[in-house]
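What follows is a single structure, written as structure tokens, with notes after it.
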Protein chains: 2
Amino acid sequence: MITSEQVARLAGVSRTTVSRVLNGTGRISEEVRQRVLEAAATLGYEPNVVAQSMVRQRSRTIVLGMFHVEEGLSFSRLGETKHYFYLDVLKYIEAEAAEADYDLLQPSRPQDMTPEGYVRSLRTRNVAGAILLALSSADARIPALVQADLPTVFIDAVGQGRFATYIKSDNGNGARQVTEHLLSLGHRRIAFLTGSLSNMFGMERILGAQQAFTSAGYSLDPDLIRQSGWNTEQAYEAACQLLNERRDFTAIVAGSDLMAMGILRALREQGLCVPKDVSLTGFDDVGLARYTEPGLTTVRQDKEAMGRQAIQLLLRMIEGEEYIPPVTLPTRLVVRQSTGPAPIA
Amino acid sequence: MITSEQVARLAGVSRTTVSRVLNGTGRISEEVRQRVLEAAATLGYEPNVVAQSMVRQRSRTIVLGMFHVEEGLSFSRLGETKHYFYLDVLKYIEAEAAEADYDLLQPSRPQDMTPEGYVRSLRTRNVAGAILLALSSADARIPALVQADLPTVFIDAVGQGRFATYIKSDNGNGARQVTEHLLSLGHRRIAFLTGSLSNMFGMERILGAQQAFTSAGYSLDPDLIRQSGWNTEQAYEAACQLLNERRDFTAIVAGSDLMAMGILRALREQGLCVPKDVSLTGFDDVGLARYTEPGLTTVRQDKEAMGRQAIQLLLRMIEGEEYIPPVTLPTRLVVRQSTGPAPIA
DNA sequence: CTGAAAGCGCTTACAG
DNA sequence: CTGAAAGCGCTTACAG
């Protein structure tokens, strides 16, 4: 490995000068500057990132924390289709981090690690900040990170403090939009299959739907609200069960597009036609939503804004800004073919 | 931040001893060992990973290189459904790396970076090794990494050397299986919509199909082989175009499940019924394959083996093993409802 | 069994 | 404008 020592020797200057030239700090005579740059280029020198991290007590690294790991071994069982939406968000996180010249790190996390241990382990890695994706509200890392002075941005989880903020879609409004759409089509008995109510977005969506009902002067049958988990398979099973129990609803609002795909299959298996017999809606507007048969009416989340702004918020905190307010992104109703007029009773 | 200095002071020993106790190196009297452990626990001490990386000249970090970044800004346009398969693989990479106590790193990569610069940038990060996912055969990082003495495992790309090997599915055999399945159902004119032939797996699959044809005494019409890109949308468009040009085929072999979903839509829009009019097959067996209507006949890739063994191969190289031969994973034909007897001409 | 000292490759006061 | 020296937090010969 080429070191600054070698560059210094070739250029006939001190390591101090090499460092200054490469970092653009301090005044350097143009002639020396050129000599150093030339020497560095000749040797193919690149500063050792680890050494920089050591001396600066901070690296250009952002931790990416996800749902994956926390679930232990259970994830090897299911298709984990629930993560498809976040794959898109992740893409923009990566792009934005790359443009800001930050590495992304997924730290290994021993099973027995406490929330405090988690924060500590990030400290020992000298990371600049962390992005946490879609944690359950019960995740103990949230309060630990909010307490710590490590800049943190939560996506789809609430955590706010001096060095912590969050970004999410306007889930309540999205659910309201889609529910109003169904109400306007004449649907009154609508089933809600959500992944869970322990994620922020799960709860918000139900509340938004409820609000639409209330505003319209109707009420929502609590027995038509079901929590199944966010996977396609789980939604499929929950829909089968619901259909076995009762059939007095004319529409189903799924917690996500991927869940809707499982529900669609359950409806088909029961000989029910979408949207003639039952209308169906999704949430997210993943790329596949238009490829279902029929195309899925859904609520579009702005994945690009979510990913990019998460990084931008984090960078502002890294640069010292405190108490940044949370960001809520607007959603948009996308009407396709899976919703239609309620069948006449 | 708590340092080993503070632990040493509290335990009344030297930093050397603290280091030895925590790393389990050298002989230590039981009494001292206990004192150190206790002091470390009291202070909540955790060794600074960066300092360790600095002095050991190697960190417990594995680089994860993907297709994403190399594509510049183009990816913001499309749904990038093509990556869904690798999301599953990634999950197992993460799990296996976590179990081996390695961090995963996605380094930021400036646009203008040369392949040598890429390898150099990994060096300056003191990473232990790298996993590269599904690169195009033309990716210049492949030869650069094969040359370098940095342990590297390629997934779905060929790169082999002293410190480089690869793992992939038996794509040729998978394509052969699915083609034979169609031939046995009486199909003779089969269209092949592949993402591209510049990835190893794209080419292998076509060759496998060709082999099935030849073994059965038939031949494959080259004009029925189309390259569209791996996204659902691209496959949809290619299928539309193909259907406009000719309709003399009775089956379509898609390059992936996600491509098949786009093709399915194109067929439906033309009023063609699957499998009555046209049989359709996918590749990968992603979780969603069973949720299409009809369920998709496909070739299952062992995503868990792919992800886990990639890490295991890498760890062997990190531990010094050289010239590890590549691994080919068996595939399995999964017959669902999207394939049926060829219609009588 | 234990510790003082050197060193990993940088950056940054401090001095000139 | 430039450099010698200290220091970031560890580990590891070396010596005892």
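For the numbers below, each heavy atom of this structure counts, side chains included, while hydrogens, waters and symmetry mates do not. The sequence lines fix the lettering, A, B, ..., with proteins before strands; numbering per chain opens at 1.
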Worksheet item: Does A:N126 use its side chain to pair, donor to acceptor, with the backbone of A:S53 at less than 3.5 Å?
Response: yes

Discussion item. If you compare all heavy atoms of A:R125 against all heavy atoms of A:P107, which two are closest, and at what distance to 0.1 Å?
Written reply: NE-CB, 3.8 Å

Discussion item. In this structure, how many angstroms lie between the P atom of D:dC1 and the CZ atom of A:R15, rounded?
Written reply: 22 Å

Item to complete: Could you tell me the separation between the CD1 atom of A:I2 and the P atom of C:dG9, rounded to a whole number of Å?
Response: 11 Å

Item to complete: Could you check A:R27 against B:M1 and say which one's nearest nucleotide on DNA chain D is further toward the 5' end?
Response: A:R27

Worksheet entry | Consecutive-pair stems (3 or more, Watson-Crick or G-U, under 3.5 Å) for DNA chain D | C:1-3 with D:14-16, C:5-12 with D:5-12, C:14-16 with D:1-3

Discussion item. What verdict does the salt bridge (Lys or Arg N to Asp or Glu O under 4.0 Å) test give for A:E31 and A:R35, after you've listed the backbone C-alpha separation in whole Å, the side-chain angles of each residue and the deciding distance to 0.1 Å?
Written reply: CA-CA 6 Å; A:E31 187 231 327; A:R35 276 220 313 274; 2.6 Å; yes

Discussion item. If I compare all heavy atoms of A:L90 with all of A:M66, which pair ends up nearest, and what's the gap?
Written reply: CD2-SD, 4.3 Å

Item to complete: Would you kindly check whether a donor in the side chain of B:T16 faces an acceptor in the base of D:dT12, or vice versa, at under 3.5 angstrom?
Response: yes

Discussion item. Does B:E38 have more than 12 heavy atoms from other residues, nucleotides or ligands lying within 6.0 Å of its CD?
Written reply: no

Item to complete: Quickly work out the A:Q34 CD to D:dC1 C1' distance and round it to whole Å.
Response: 16 Å

Fill in: Length of the line joining B:M54:CE and D:dG9:C1', which is rounded to integer Å
11 Å

Item to complete: Please state how far atom OH in A:Y45 lies from atom C1' in C:dC10, giving the value in whole angstrom units.
Response: 7 Å

Discussion item. Nearest to the side chain of A:I28, heavy atoms from C-beta on, is which of D:dT2, D:dC10, D:dC8?
Written reply: D:dT2

Item to complete: Have a look at B:R56 and say if it touches a base, only the backbone sugar-phosphate, or nothing, with a 4.0 Å heavy-atom cut-off.
Response: sugar-phosphate

Worksheet item: In whole Å, what separates the P atom of C:dC10 from that of C:dC14?
Response: 24 Å

Item to complete: Using only side-chain N and O atoms of B:S29, determine if any of them is under 4.0 Å from OP1 or OP2 of C:dT2.
Response: yes

Discussion item. Measuring centre to centre across the rings, with the benzene-like ring taken for any Trp, is B:F85 within less than 6.0 Å of B:W230?
Written reply: no

Discussion item. Any side-chain N or O of B:S4 below 4.0 angstrom from OP1/OP2 of D:dG9?
Written reply: no

Worksheet item: How close do A:F154 and A:A164 get, heavy atom to heavy atom, and via which atoms?
Response: CE1-CB, 4.2 Å

Discussion item. Please tell me if B:Q52 has a side-chain N or O lying less than 4.0 Å from either OP1 or OP2 of D:dG9.
Written reply: no

Discussion item. From CG of B:N23 over to C1' of D:dT11, roughly how many Å is that when rounded to an integer?
Written reply: 8 Å

Worksheet item: Reckon A:V50 touches a base, only the sugar-phosphate, or nothing at all at heavy-atom distances under 4.0 Å?
Response: nothing

Practice prompt. Among D:dT11, C:dA13, C:dG9, find the nucleotide with the atom closest to the side chain of B:V55.
Written response: D:dT11

Discussion item. Check this for me: A:E5, atom CD, are more than 12 non-hydrogen atoms of other residues, nucleotides or ligands nearer than 6.0 Å?
Written reply: yes

Worksheet item: In whole Å, what is the span from the CZ atom of B:R60 to the P atom of D:dC10?
Response: 17 Å

Discussion item. Rounding to an integer number of Å, can you tell me how far A:R123 CZ sits from D:dC10 P?
Written reply: 14 Å

Discussion item. Using the P atom as the point on both nucleotides, what is the distance between D:dG9 and D:dA13, in whole Å?
Written reply: 23 Å

Practice prompt. Identify which nucleotide among D:dC8, D:dT11, C:dG9 has an atom closest to any side-chain atom of A:Q57, counting heavy atoms from C-beta outward.
Written response: D:dC8

